[in-house]
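These numbers were taken from a predicted model, which means no experiment stands behind them. When a ligand or atom number is given, it counts from 1 through the structure's own listing order.
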Amino acid sequence: MKVMKFGGGCLRSPNNYRDIASILRNEMSTPIVIVVSAINGVTNNLELAAQTALESEERIPEVVSEIRSFHQDIIEDIIDDKGILLRTRDQLEGKFQELERLLFGVAYTGEISDAVRILILSQGERLSSIILAAILVDQGIQAQALESDMIGIQTDSVCVNATANLRATKLNLTTQLTPLLQKEIIPVITGFFGCTDEGKTSSFGRNGSDYSAAVVAYSLSAKSVHIWKDVDGFMSADPRIVQDSIRIDTLSYLEAAELSYFGAKILHPRTVEPLAGTNIKIFVRNLHSPENSITVIQPKGHEKSDVIKSVTANDDIVVLRIHGAGVGHKPGIIGEIGRTLSGSDINIFSVLTSQTCINLLLASTDSGKSVDALRHLVGGVIERIELKKNVSLIAVVGEGLLTTEGLAARVFTAVAERGINVEMFAAGASEVAYYFIVEQSDMKTAIQAVHTKFFGAM
Ligand code: ASP
Ligand code: MG
């Protein structure tokens, strides 16, 4: 059994859907379960719709009608069978009405809870699963749309960025999906969200459908997960920065997680999480070249001869520097900072400490909020808080990097040769990555320098 996840970029044009149908026909010798994202751009439009509704109810009918025609045009274009077309139109209409009711609720109360926002956003996947299943049926492939919160993709009680309850989900999905699979019907499951054990819809966060696919794969003990995209898989560097970057054939779970956290927007960083301890392989594939351009992600690593597989950067970070002569001695200080920040929903990417300074890496969107949250701690052990903006975090990733002599020296020689100052450096924290921080304006040159050192001249 394999799980195939189709991202929004694979669900744009009639040709995309024909390509999906032909891939399925070629690969149907083993049972397939599909997980879908919303169609490209739809989740963003739903975010905007929620925002519009918060301001006033006036534009709700217009906004819903845009979303309606966008989805209806797709089925009118592709579905030939009149009966299927009518049925699908009705099913979609049910979702548009639900969406409209939710938006009017927001306008009426003038407020939006996380739970309501998730319900609004989740309509994107509900619509796309209905559409993909209908198109497949029209193409002669048996398929059925299923909503992940109805079939028991169960999560913890967190509403946004939830974590799947793998044990409960395994039980539920096995019961729900086995009868379909026995009848050779392909389930087309909504990605992105599940449901808490109190029955509330909860989301895995933006781009969370990759994680959903992994949860489904774990639950059904699939052999593999195929993440379909409209671009090639992981590269040795962002091709916009390094023109002759090359595709990476294989990565370990750990390497893929590091690359996803830091820059590469190929896979949701949490995708490998549900797969830990399994032997399930992830294939990242390009819809436009299904036989080639595959990155395979597997549990065990393999060392490339020159160790480094990729160099990537994250520009959306700030460094929060917490100064105090005694921070290295005061027990519990990091715990207190961590609790304060998590109380304000701020995620810490990474921590680097010395005796006199604690450096926290945060998302730049959290910078203002984090200073506000920590202000009340200043005055005691903490002397002052400083925010460093306009920096980039560069990650150099490769299995075996900690045990290969002279590697860090080569990385830093490459950067130093271009006259770039490294502001902070961490090695040893991850078994497969070094991190360092440079001024944002030096980021591209630093990546090019490291890439040239390990992959040859550009
Ligand atoms: N549609 C959701 C988003 O854009 C989830 C996904 O695409 O993975 O965030
Ligand atoms: Mg995505």
Problem - Any residue meeting salt bridge (Lys or Arg N to Asp or Glu O under 4.0 Å) with R375, in chain and number order, not counting sequence neighbours - result: D372
Practice task
Flag the pair R285 and E27 as a salt bridge only when some basic side-chain nitrogen lies within less than 4.0 angstrom of an acidic carboxylate oxygen.
Solution key: yes
Handout entry: N or O contact, K5 vs ligand 1, cut-off under 3.5 Å
Key = no
Practice task
For the residue pair K200 and S157, confirm or rule out a side-chain donor-acceptor distance under 3.5 Å.
Solution key: no
Problem - Sub-4.0 Å heavy-atom contact, H268 with ligand 1 - result: no
Exercise for the section: May I ask whether G208 places a heavy atom under 4.0 Å from ligand 1? Expected result: yes
Exercise for the section: Determine yes or no for a side-chain-to-main-chain donor-acceptor pair under 3.5 angstrom, with T295 supplying the side chain and I248 the backbone. Expected result: yes
Exercise for the section: Can you sort out which atoms of ligand 1 are near N207, meaning under 4.0 Å from one of its heavy atoms? Expected result: 3 (C), 5 (C), 6 (C), 8 (O), 9 (O)
Handout entry: Contact list for residues 174-225, test ring pair (Phe, Tyr, Trp, His ring centres under 6.0 Å), sequence neighbours left out
Key = F204-Y211
Handout entry: N/O separation below 3.5 Å, D210 to ligand 1
Key = no
